[in-house]
Amino acid sequence: MERWCGMAVVVLLALSVRWAVSLHPYSGAGKPPLFGDYEAQRHWQEVTLNLPIRQWYFNSSDNDLQYWGLDYPPLTAYHSLLCAYVAERINPAWVALHTSRGHESPAHKLFMRATVFLADLVIYIPAVVLYCCCLKETSTKKKCVSSQAASALCILLYPGLILIDHGHFQYNAVSLGFALWGVLGVSSDRDLLGSLAFCLALNYKQMELYHSLPFFCFLLGKCFQKGLKGKGLGLLVKLACTVAASFTVCWLPFSTEREQALQVLRRLFPVDRGLFEDKVANVWCSLSVFVKMKDLLPRDTQILVSFCVTFLSLLPVCTKLTLHPSPQGFRFALVACALSFFLFSFQVHEKSILLVALPVCLVLHEIPFMATWFLLVSTFSLLPLLLRDGLLMPWAATAVAFCTASTTCFPLWAEASEEEALRLGPFCKAARRCVPQRRLVLLPCMLRGLFLASVTVMVLLTLMTVTLDPPRKLPDLFSVLVCFVSCLNFLFFLVYFNIIIIWDSKNGRTQKKVN
Amino acid sequence: MAASGPVQGSGNWFSALALGVSLLKCLLIPTYRSTDFEVHRNWLAITHSLPLSQWYYEATSEWTLDYPPFFAWFEYVLSHIAKYFDHEMLHVHNLNYFSTKTLLFQRFSVIFTDVLFVYAVHECCKCVGGRRASRELTEKPQFILSALLLWNFGLLVVDHIHFQYNGFLSGLMLLSITRLFQKRHMEGAFLFAALLHFKHIYLYVAPAYGAYLLRSYCFTANKPDGSVQWNSFSFIRVTSLGLIVFLVSALSLGPFLALNQLPQVFSRLFPFRRGLCHAYWAPNFWALYNAADKVLAIIGLKLKLLDPSKVPKASMTSGLIQQFEHAVLPSVTPLATLVCTLVAILPSVCCLWLKPQGPRGFLRCLILCALGSFMFGWHVHEKAILLAILPMSLLSVEKAGDASIFLILTTTGHYSLFPLLFTAPELPIKILLMLLFTTYSISSLMTLFRKEKPLFNWMETFYLLGLVPLEVCCEFVFPFTSWRLEYPFTPLLLTSVYCAVGITYAWCRLYVSMLTSPPAGKTKKQ
């Protein structure tokens, strides 16, 4: 009873914050002719409602793909259709073909915000609550109620997702929520349900591919563990069937003709849009400050290079996960893989950082210090985007709120002084054999110093971005700086997460031996 | 791990609570704001651009200055910060002026002045007993009290959405109560005197202050049976109290006395031309009275006992402040309400005099005064319920019986604030915040008093649960029915009558608990 009351209070608080953020402007509000993601979503409703399914992804006189053409997988389209039905019942002018283009009104904003709110409430939040209720207590002390509610509070208050979904306007909570259901299913040995949920996520946003490798490796590793000749094979076949079946169902209307499916795929992976979009805190965008890769190399080479680098950075983690599958390792692998994809892959959006942030939220209770740090950096990297949308106030408020919540709920600073709590113990032991003792003792101190430096730089850059006008010659100076700083941080985190994953199982083994 | 978990978050939980709610307030900046926003902008303009002698005569806008001088000075100080934001808002003739900077300035002025409220809550927490040594932080009375006060739904809604400055005024009141708890009577009296000159609505609770200070401070000793020992009267104490009150009043009203404007100031402060009830009936005795009148009139018309031509047509909640003639029951005059209020307050003040129960008895009497005037006052606003709810939070964490009264009072009182926010975008936020506060207050107080008997009996549970269908009917079903045009005021009427029942009930229970409780002297001797 008390436990559920605590959870209920947390959820209600999270919902209040979400709705309060949604009262602020959305992307492209009052900015014709292109508007922003809000108009994109509205336009998809218009298209899916008024055109037959066969024309959704094709350019035609009724469907100008240059103007926010549909470029997400079928499930997004179905969701738009569902919303469009409701919108039509309320006010047909919102989704009328052609005439509704660029429609903006307070009532319509209310409707759109409500759809995001509902999606969040139905898919993402229950998954988070369930995940936190399943958390095992790490320490022996009996304090279950508050620490579960505390984790839920921090995860639900993560600013990035709230700001992008309820401020900027997107439906990331749906795909991330499905992915989270997938994680929940797979970690609790309900592999079929888990993979079904993940397939739904994948069919909602193709960006969920960032998470697909850990899922694949973890499930494959499980099959290996059970023995590929006996139970493992059975599981593998069942999983394959589940995935195939769910994909077939989602793609049914498009699988009748070859050309349909190909066109959808072309829309999903627009290779001609370049190595990166806008200003992203990934390696390619940061490198472009020094070397203009985009212009130097032909497109095919770019794709090849980014593919190779991504693949190489993924390899150790995925191998490790396949050989030693464990739910905990799986969560860390999700972080590392998503981060690799974000940093190195082709055509990355700044919003894709949410795909990394979700698994980081899941390890928040295990490594609170590093996770909070990462989540703050990820929120910071969204600053230029949100500033354009006029969301500075909610950005700052939610970021500070998140910081407050996590410092109150977890003993961040005390924890940051211990190697074990940072999961660096095994690594340090291994490293001590090669490096003189003295330097490694300082590792936690160095981390704390880095944290302070990183936070200071972020605060200073924020203040500069908000208050100063950039020099006329370099109008994007601040947003490039923000991306660059975030990228450096992310690279550091990539190294950190790879280290703890690779040195992890030795830790597990030694502990078992000790026990 | 060393000191771990949320349990041992030493002292920073308080700052986390305070910071958290301030950030939520920042998120609420773009929400709907009522005409009070323009009222306060106009006052900024009046105090900034006109000389003192014009303040209470200026009538360009219909929202004339009708708060006491200290509040006018407060606006004057604010206006000197406002000029750095947007100077245009400080022109008296710029009626209904709006700009983003004006919005930011006014909203932030409320958020920042709430610092006083936060400080007062911090002080308050020192007063509540920590007898129940509990290891869980979330089960400490101090934690629960600060959450109940800082995250109070009524303050959030009235100050940060509807727009008013109740935060720092309530802070002053809480601070003055705390000082009395800490036996720093002079400070308490000074703060309350100042508060009266900020907002004169606090006159309602002045009898409690007067009786308490006179009885427990000016008389320094009691007879063994607890009654007053007349020869222990301290003349120095009463003089110094009088001097403080006099000095504060002189500072506030003196300039206007010198300008010979005192009658004008008072005519602005106490406008009796307004009606018995506000546009929306506050859930008090008169709401029940009016409703009874309506019902009797309808019955009378049905049974042909009344002449239809003599029944007045005006519907009271149609949105205008207007005089209203009752059809069946006798009409109520301002004098009648004054008498009723005095009669309602008198027993509690007498009780405070006859069997003093220390500062807790005073607090109970103060709440009863606030509630009594809310129940029977002339032209009461629904917001005035905050005057009772906030001090009641202090009592709620100490005794199970008070906790139960508090929960009924706050839940119904807060629900009765719903009609303040009638715009669609604010509908979810008000429901969510209300649910948040109600869930938290009920669950935390139940946890705190889990060893005692249940906080609610079946009737109270039933009544509180009844708020849910009421809300569903009023805001989700009714607007889609055909009655919407014919009887537009039905939801308001239902809301205020339903809430009036709960508030009356809580008032009666609180009265009973005050009259029946034993004097403090006896319990202390044990």
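Naming convention: chains lettered A, B, ... in sequence-line order (proteins, then strands); numbering from 1 in each chain. Values in this document were obtained by computation on a predicted structure and should not be read as measured data.
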Asker: CG/B:L28 to NE2/A:H24 distance, rounded to the nearest 0.5 angstrom?
Answerer: 7.5 Å
Asker: Name the region of A:A401, side chain, backbone, both or neither, that has any atom closer than 4.5 Å to a heavy atom of chain B.
Answerer: both
Asker: With a 4.5 angstrom heavy-atom cut-off, which part of B:L435 approaches chain A: side chain, backbone, both or neither?
Answerer: both
Asker: Side chain, backbone, both or neither: which part of B:L104 has an atom under 4.5 Å from a heavy atom of chain A?
Answerer: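 For B:L104, the side chain is the part near chain A, not the backbone.
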Asker: So, for B:A424 and A:L110, which heavy atoms are closest and what is the spacing to 0.1 Å?
Answerer: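 Smallest interatomic distance, heavy atoms only, reads CB-CD2, 3.5 Å.
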Asker: Are more than 12 heavy atoms from other residues, nucleotides or ligands located less than 6.0 Å from atom CG of A:D469?
Answerer: no
Asker: What are the two closest non-hydrogen atoms of A:F117 and B:L432, and how far apart are they?
Answerer: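 Looks like CZ-CD1, 3.9 Å.
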Asker: Check whether B:I29 gets within reach of chain A through its side chain, its backbone, both or neither, counting any heavy atom under 4.5 Å.
Answerer: side chain
Asker: Check whether any side-chain heavy atom of B:W151 lies under 4.5 Å from a side-chain heavy atom of A:L13, and answer yes or no.
Answerer: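 Yes, close enough: below the 4.5 Å cut-off.
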Asker: What closest approach, in Å, do A:S16 and B:L436 show between heavy atoms, and which atom pair accounts for it?
Answerer: OG-CD2, 4.4 Å
Asker: Going from OG1 on A:T398 to CG on B:L23, what distance comes out if it is rounded to the nearest 0.5 angstrom?
Answerer: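 A:T398 atom OG1 to B:L23 atom CG measures 8.5 Å (nearest 0.5 Å).
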Asker: Relative to chain B, which of A:V10, A:V11, A:T407, A:V400 shows the most heavy atom pairs under 4.5 Å?
Answerer: A:V400
Asker: Ignoring hydrogens and angles, tell me if any N or O in the side chain of A:W19 forms a donor-acceptor pair with the backbone of B:P425 under 3.5 Å.
Answerer: yes
Asker: Among B:L433, B:T439, B:I429, B:I431, which has the most heavy-atom pairs under 4.5 Å with chain A?
Answerer: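 Heavy-atom pairs under 4.5 Å are most numerous for B:I429.
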Asker: In this structure, are over 12 heavy atoms from other groups packed under 6.0 Å from A:K109 atom NZ?
Answerer: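 Result for NZ/A:K109: enclosed.
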